[in-house]
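Letters A, B, ... mirror the listed sequences (proteins, then strands); counts begin at 1.
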Amino acid sequence: MNDRKVRVRFAPSPTGPLHMGGVRTALFNYLFAKKHNGDFLLRIEDTDQTRYVPGAEDYIMESLAWCGLKVDEGIREGGPHGPYRQSERKEIYKEYAEALVKSGNAYYAFDSAEELDKLRHEYESKGENFIYNASTRSSLKNSFTLSDEEVQRLLNSEESFVVRFCMPDNEVVTENDIIRGEVSFNTGLLDDKVLYKSDGMPTYHLANVVDDHLMEITHVIRGEEWLSSMPLHVLLYRALGWSDTMPRFAHLPLILKPVGKGKLSKRDGDKLGFPVFPLLWNDPFSGEVSRGYREDGYFPEAFINMLAFLGWNPGTEQEFFSLEELVENFSLERVGKSGSKFDPEKTKWFNHQYLIRRSDEQIAEQFEAILKSKGIADYDNAKVIRICGLLKERANFVSEIWNQGYFFFQAPTEYDAQVVKKRWKAETPQMMKEIAEFLNSVDNWDTAPLKEAFSAFVTGKGWGFGAVMNAFRLCLVGAGIGPDLFDICNLIGKDETINRINRALNQIRL
RNA sequence: GGCCCGUUCGUCUAAGGGUUAGGACGCAAGAUUUUCAUUCUUGUAAUAGGGGUUCGAAUCCCCUACGGGCUACCA
């Protein structure tokens, strides 16, 4: 059993865009698989026809691809254990549902949803819990209480039925979760879960166990919301005679809201202004658009790095990990037990760190698309690369480089009123005029010599540097921001520098 | 309500019986930058509460509180 090849699966249901919590589950599955030279499968759990959302399946696959999580077996990749879409495996589940009935581990039930609902309310009003299990099943409509003939008649009729698991009474099921250790449940408190629905589809529980077995899954790594289903699943493996090859379980802690209580939801993103989905999502029903990390300008590497640290840590002080390094260092033992609040600020910081580590050329490539969107087509590629190098320290995203350096590409059209008030004095226009004349006489426009000549000129005039430089910057930039002024002069060129001074002289009024 | 899981700075976390409880984000201050940002330095701030066990407990046990998940013919 220990020599089995590690095989894990990520098994989302296509009910909408993949939440970042889902991406993290996929990530941990992927990391665990690759760490152990195993396989990472993608299985689509679309057994609930009513919740199917067109496009969600492609969205899931595109998200994993963007994150660099390569799927070994799945609906696109194929593989020896297909199909990998549960709706295409209906016949398989039916077979196992029947086998469970035959072996006495499951039974047919004919109670309608309305009848059950009514019962639940009755119990509730008495302050009690209704549980469909050993305590109640003998008084309900099922193959325990009905005669064989009646059951056969109902099964052959139009009457709908479900298959329920026969939960043993008062037995303690203990299972060793890799993250949580031993967890015990008393089956007397559990209910006879529906395994097979009246629409001919299995429920999650049956489909999941059957597929994990058939696909030779060795480790089930999933969210904590499944922890309470663990005893049912353990019992199903037993009932099906698969205990020997039952996978190990690892239940991941949840990702919580940045502020307030509860798990992270789409609402939080809207409210606090950050994406909760990896990719932009266009809801086919409501037309509503949800932001995505990709479209917001995050690097997948930064997104993944941040996600990995939500619940996992390497135990060292290293905080930047490539996907390969994560694979190398990952272990489920170092995954925490408690939920983690998501921190959008730290996510930005991660992106900043990845941005400054990128080469200027790579950044320039992305930035050029932004330039085009701003209507700037005529630019010198080498200069753009230099500009990106100058500005990347100041930005969290490539897109912010524009706000940090628009003035490299277009002259300011307005002048920051606050800066004007503070830096543009009565004597300033005269100084600027003289500076323009001086600059016109400068031949060597390289940054360093220009700076040197300029300093000599200002010193010779006996002017204060603070007054000159800030006013000069206002002329060139229109505000009190930006990198070294002589870098700006050099990059925009001599003529443009002088033009901008003249322009400011015309436009700035006290 | 019932069952299960959890609880270290505001946040992510380290420390798995003996540390001045460490790091990171954030925030604050100082330095550098004649701008702004960056960068650097420093500071800020935590073992939920109460009982045990022990020479010694953030670490082990119990209780309480709080948080979370599940409690569907949803996953």
Checklist entry - C1' atom, B/A28 versus B/U35: distance in rounded Å? => result 22 Å

Item to check | Positive for ring pair (Phe, Tyr, Trp, His ring centres under 6.0 Å) with A/Y298, one of A/F277, A/F303, A/F397, A/F274 | outcome: A/F397

Checklist entry - For the residue pair A/F249 and A/H251, does the interplanar ring angle fall in the parallel (under 30°), tilted (30 to 60°) or perpendicular (over 60°) class? => result parallel

Next on the checklist: Are A/W226 and A/Y204 an aromatic pair, judged by ring center distance below 6.0 Å?
Outcome noted: yes

Checklist entry - When you compare B/G26 with B/G67, how far apart are their P atoms, in angstrom units rounded to a whole number? => result 29 Å

Checklist entry - Among side-chain atoms of A/R24 and A/N29, is any donor-acceptor pair under 3.5 angstrom? => result no

Next on the checklist: Taking the P atom in each of B/C70 and B/A75, what is the distance between them to the nearest angstrom?
Outcome noted: 14 Å

Next on the checklist: With ring-ring contact (aromatic ring centres under 6.0 Å, His included) as the criterion, how do A/F454 and A/F472 come out once you've worked through the C-alpha distance, each side chain's angles and the decisive distance to 0.1 Å?
Outcome noted: CA-CA 12 Å; A/F454 186 92; A/F472 190 13; 5.4 Å; yes

Checklist entry - Between B/C60 and B/G69, how far is it from one C1' atom to the other, in whole Å? => result 26 Å

Next on the checklist: One character per nucleotide, please: for nucleotides 8-15 of chain B, 5' to 3', B when the base has a protein heavy atom closer than 4.0 Å, S when only the sugar-phosphate does, - otherwise.
Outcome noted: ---SBSSS

Next on the checklist: Give me the distance, rounded to whole Å, that separates B/G18 from B/A72 when you measure between the P atoms they each carry.
Outcome noted: 46 Å

Next on the checklist: Please compare A/E317 and A/Q404 by the position of their nearest nucleotide in RNA chain B and report the one closer to 5'.
Outcome noted: A/E317

Next on the checklist: Just the rounded figure in Å: distance from C1' of B/C5 to CZ of A/R222.
Outcome noted: 14 Å

Checklist entry - Rounded to whole angstroms, how far apart are CG on A/L252 and P on B/G69? => result 15 Å

Checklist entry - Going 5' to 3' along nucleotides 70-75 of chain B, which nucleotides have protein heavy atoms under 4.0 Å from the base (write B), which only from the sugar-phosphate (write S), and which from neither (write -)? => result S-SBBB

Checklist entry - Taking the C1' atom of each, how far is B/G50 from B/A45, in whole Å? => result 25 Å

Checklist entry - So, do A/W281 and A/Y59 have ring centers that fall under 6.0 Å from each other? => result yes

Checklist outcome for this item: Applying side-chain hydrogen bond (donor to acceptor under 3.5 Å, both in side chains) to A/Y354 and not counting sequence neighbours gives A/N305

Checklist entry - Mind checking the P distance from B/A46 to B/G23? Whole angstroms is fine. => result 14 Å

Item to check | P spacing across the pair B/U64 / B/U42, given as an integer number of angstrom | outcome: 46 Å

Checklist outcome for this item: When A/G127 and A/N470 are each assigned the nearest nucleotide of RNA chain B, the 5'-most assignment goes to A/G127

